[in-house]
Structure formats: structure tokens, C-alpha cells
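Just so it is clear: chains get the letters A, B, ... in the order the sequence lines come, proteins before strands, and each one is counted from 1. These numbers come from the heavy atoms of this one structure, side chains and all, not from hydrogens, waters or symmetry mates. Worth saying up front: this structure is predicted, and the values here are computed from it rather than measured.
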Amino acid sequence: VVSCGAMIAGYAQFGQGHLALELFKQMQLDDLKPNKVVHLCILKACGSIGAIDEGMLIHGQIVDNGFDMDVVVGSSLIDMYAKCGVYEEARKVLDDLPGRDVISWGAIISGFAQDNQGLPALEVFDKMQQEGVKPDKVSILCALKACGALGGIDQARLIHKEVIRSDLANDLAIGNTLVDMYAKCGSLEDSQKVLETLQNQDIVSWNAMIAGYAQHGLYGLAQQCLENIQEQGFKPD
RNA sequence: CCGAGGGUUUCAGGGA
């Protein structure tokens with residue numbers, strides 16, 4: 001079971017969801033009883049390929065095994081349902097999950113944000129805080145992405161302010177997401193400002209800025225930005 | 001006793 005589990009984990013992590021599912025089915029044909037970790041990996045696989053039918057089947061097995069009250073398993077279920085776009089079910093699992101934490105909430109927020117559903121993402125983000133759960137880096141990343149999807153510049157500035165006062169003020173992933181978010185909100189000046197104040201920049205920072213200019217038809221500025229980074233010795237990808 | 005386990009930022013191309 002453990003060696004199969006390790007294989008399934010590998011497949012799931014490398015985006016080979018179908019192979020993971022195949023191996024999982026083979027396991028069951030061989031009468032090997034999946035443990036908790038195998039369930040977690042297979043849920044990830046289901047989410048990544050949108051295999052909702054398989055996912056619901058696994059959910060049933062998890063309930064039968066009494067694993068469904070485990071916060072890690074519960075969060076994986078939420079993630080699976082959210083990635084499959086079945087938000088009502090994701091929400092139901094979240095509401096019934098004892099000890100739900102910032103990751104459980106983050107799974108739904110991420111699902112909405114990834115799906116360009118900015119408004120519901122931010123609603124859940126607020127609800128989480130109303131319940132006294134403090135946002136962490138990942139949930140903030142997702143909330144910022146949601147602002148970008150929504151074009152909600154006011155919400156964006158609000159969250160940005162909070163970020164500045166937090167220990168994430170100099171975080172590169174957060175900074176990159178801010179650059180992208182402001183660009184998607186149509187405020188390229190803000191993007192540029194954030195980019196310039198980053199302590200370090202990487203390829204993602206530049207790409208976000210260039211894409212922002214390009215998507216607003218500012219081809220000259222996009223070009224200029226590209227030349228800038230090359231002058232600084234960075235290689236575009 | 002050991003190993004495997006949860007939400008994570010940017011960008012391109014063809015067809016229906």
C-alpha cells in the first residue's frame with residue numbers, strides 16, 4: 001500500500017492525474033486497502049483532472065472509513081470539489097468540518113480565484129475573517145488574485161494596505177501578485193510602482209508587468225520594460 | 001521505529 005501510495009503521490013504531484021487514478025483502481029483490484037494518505041493523493045489527482053465522479057466515490061469511501069472529520073482530509077475534499085467547480089459541496093464540507101483552519105478556507109478561495117470568480121472568492125475571504133481565522137500568505141495571494149479577476153481596485157488597495165503592515169510586505173510572491181493584480185485592475189501606474197519597490201524581482205515580476213502593458217495595448221511600454229530587464233542582465237523566458 | 005499526505009503568484013500558440 002505504501003509503495004503504491006508513493007507512486008500515486010508522485011503522479012498526483014506531477015500533474016499525471018489519470019495515471020494516479022489508474023494505479024488507484026489497480027490497487028483496489030488487487031485488494032489493497034487504501035489508507036488516509038492514498039486518499040489524499042487521489043483527491044488531488046481528481047481535482048487536477050476534474051474527475052468529479054471518481055472524487056465523489058472516494059468521498060464515500062472516506063466517510064465509510066471515518067476519515068472525513070480529519071481536518072487534512074476535509075481540506076483535500078474541499079480542494080477537490082472546488083477544483084471541479086462544485087462549490088456548493090465544497091462549502092458543505094467546509095461548514096461541517098470540525099477544526100477547519102486557514103487552509104480549509106483557502107481551498108475554496110483558491111478555487112474561486114482560479115476560476116476567475118472574484119466576487120465569491122472575496123466573500124469567502126471576508127467570511128473567514130469574520131469567523132476569526134487570520135489570513136495567511138496563500139489566502140492573501142488568492143484574495144489578491146480575486147481582486148484582479150474582479151477588477152476591484154478598491155478591495156485591492158484595502159488588502160494591499162494590510163499587506164504593507166504585515167510581515168509579508170517584502171514577500172516576492174505577494175509583490176508579484178500585486179503587480180499582476182493592479183495591471184488587471186487597469187492601474188498600470190500602481191503595478192509599476194510596486195515593481196520598482198520590490199527588493200528583488202524575478203522572471204514572474206517582469207512577465208506580469210510586460211503582460212499588463214501588452215494587454216492594455218501599451219506595446220511601447222511593454223517593449224521598453226523588456227529592454228530594461230535585458231539591460232539589467234536578466235534573460236527573458 | 002522509519003517512509004509516503006492538504007489551499008500557492010506571471011505569460012504564448014492551432015482547431016470546435
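Each ring pair (Phe, Tyr, Trp, His ring centres under 6.0 Å) pair with one or both residues in residues 202-232 of chain A, not counting sequence neighbours, appears once here: A/Trp206-A/Phe234. Applying the ring pair (Phe, Tyr, Trp, His ring centres under 6.0 Å) test to pairs two or more places apart or on separate chains, those with a residue in residues 129-188 of chain A are A/His160-A/Tyr182.
Between the side chains of A/Lys33 and A/Asn65, at least one donor N or O sits under 3.5 Å from an acceptor N or O. For the residue pair A/Tyr81 / A/His59, a side-chain donor-acceptor distance below 3.5 Å is found, with atom types taken as modelled. In this model, a donor atom of one side chain and an acceptor atom of the other lie less than 3.5 Å apart for A/Glu196 and A/Gln192. With hydrogens and angles left out, the side-chain atoms of A/Asp136 and A/Ser139 include a donor and acceptor closer than 3.5 Å. A/Ser76 and A/Asp79 share no donor-acceptor pair across their side chains, judged by distance under 3.5 Å alone.
Using a 4.5 Å cut-off on side-chain heavy atoms (C-beta onward), A/Leu122 and A/Cys147 make contact.
For A/Lys83 and B/G7, the NZ to C1' distance is 7 Å, given to the nearest whole Å. Following rounding to the nearest Å, A/Met181 (CE) and B/U10 (P) show an atom-to-atom distance of 12 Å. Rounded to whole Å, the distance from CZ on A/Phe14 to C1' on B/A4 is 15 Å. One can place CE of A/Met209 at 15 Å from C1' of B/U9, the figure rounded to the nearest angstrom. Computed from coordinates, the A/Ile42 CD1 to B/A4 C1' distance equals 14 Å when rounded to whole Å. One interatomic measurement links the two molecules: CD of A/Gln201 to C1' of B/U9, which rounds to 15 Å at whole-angstrom precision. Between the CD1 atom of A/Ile159 and the C1' atom of B/U9 there is a distance of 14 Å, given to the nearest Å. Note: CG (A/Asp115) to C1' (B/G7) measures 15 Å, nearest angstrom.
Contacts of A/Val38 with the nucleic acid, taken as non-hydrogen atoms under 4.0 Å apart, are absent. Residue A/Val71 is classed as a base contact, given a heavy-atom separation below 4.0 Å to a base. Within the nucleic acid shown, A/Asn35 comes within 4.0 Å of at least one base atom, counting heavy atoms only.
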Dump the intermediate steps for salt bridge (Lys or Arg N to Asp or Glu O under 4.0 Å) on A/Lys25 and A/Glu54, then the final yes or no. CA-CA 10 Å; A/Lys25 281 177 194 156; A/Glu54 309 281 355; 3.4 Å; yes
From CA spacing to verdict: side-chain contact (heavy atoms from CB on, under 4.5 Å), A/Met128, A/Val102: CA-CA 8 Å; A/Met128 173 180 84; A/Val102 67; 4.1 Å; yes
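Taking the six-membered ring where the residue is Trp, the centroids of A/Phe112 and A/Tyr87 are separated by under 6.0 Å.
Non-hydrogen atoms lying under 4.0 Å from RNA chain B are contributed by A/Ala173, A/Asn176, A/Thr177, all within residues 163-177 of chain A. Contacts between residues 130-145 of chain A and RNA chain B, defined by a heavy-atom separation below 4.0 Å, involve A/Asp136, A/Val138, A/Ser139, A/Leu141, A/Lys145, listed by number.
Side-chain N or O atoms of A/Gln201 include one that pairs as donor or acceptor with a backbone N or O of A/Leu195 at under 3.5 Å. Using modelled atom types, no side-chain atom of A/Asp115 and backbone atom of A/Gln117 make a donor-acceptor pair closer than 3.5 Å.
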Enumerate the protein-to-nucleotides 11-16 of chain B contacts in which both atoms are nitrogen or oxygen and the separation is below 3.5 Å.
{"unit_1": "B/C11", "atom_1": "OP1", "unit_2": "A/Lys184", "atom_2": "NZ", "d": "3.2"}

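Where pairing requires Watson-Crick or G-U contacts shorter than 3.5 Å, RNA chain B shows no helical stem with at least three consecutive pairs.
Minimum atom distance to the side chain of A/Gln114 is reached by B/U9, of the listed B/A4, B/U9, B/G7.
For the atom pair NE2 (A/His39) and CG (A/Asn35), the distance works out to 7.5 Å, reported to the nearest 0.5 Å.
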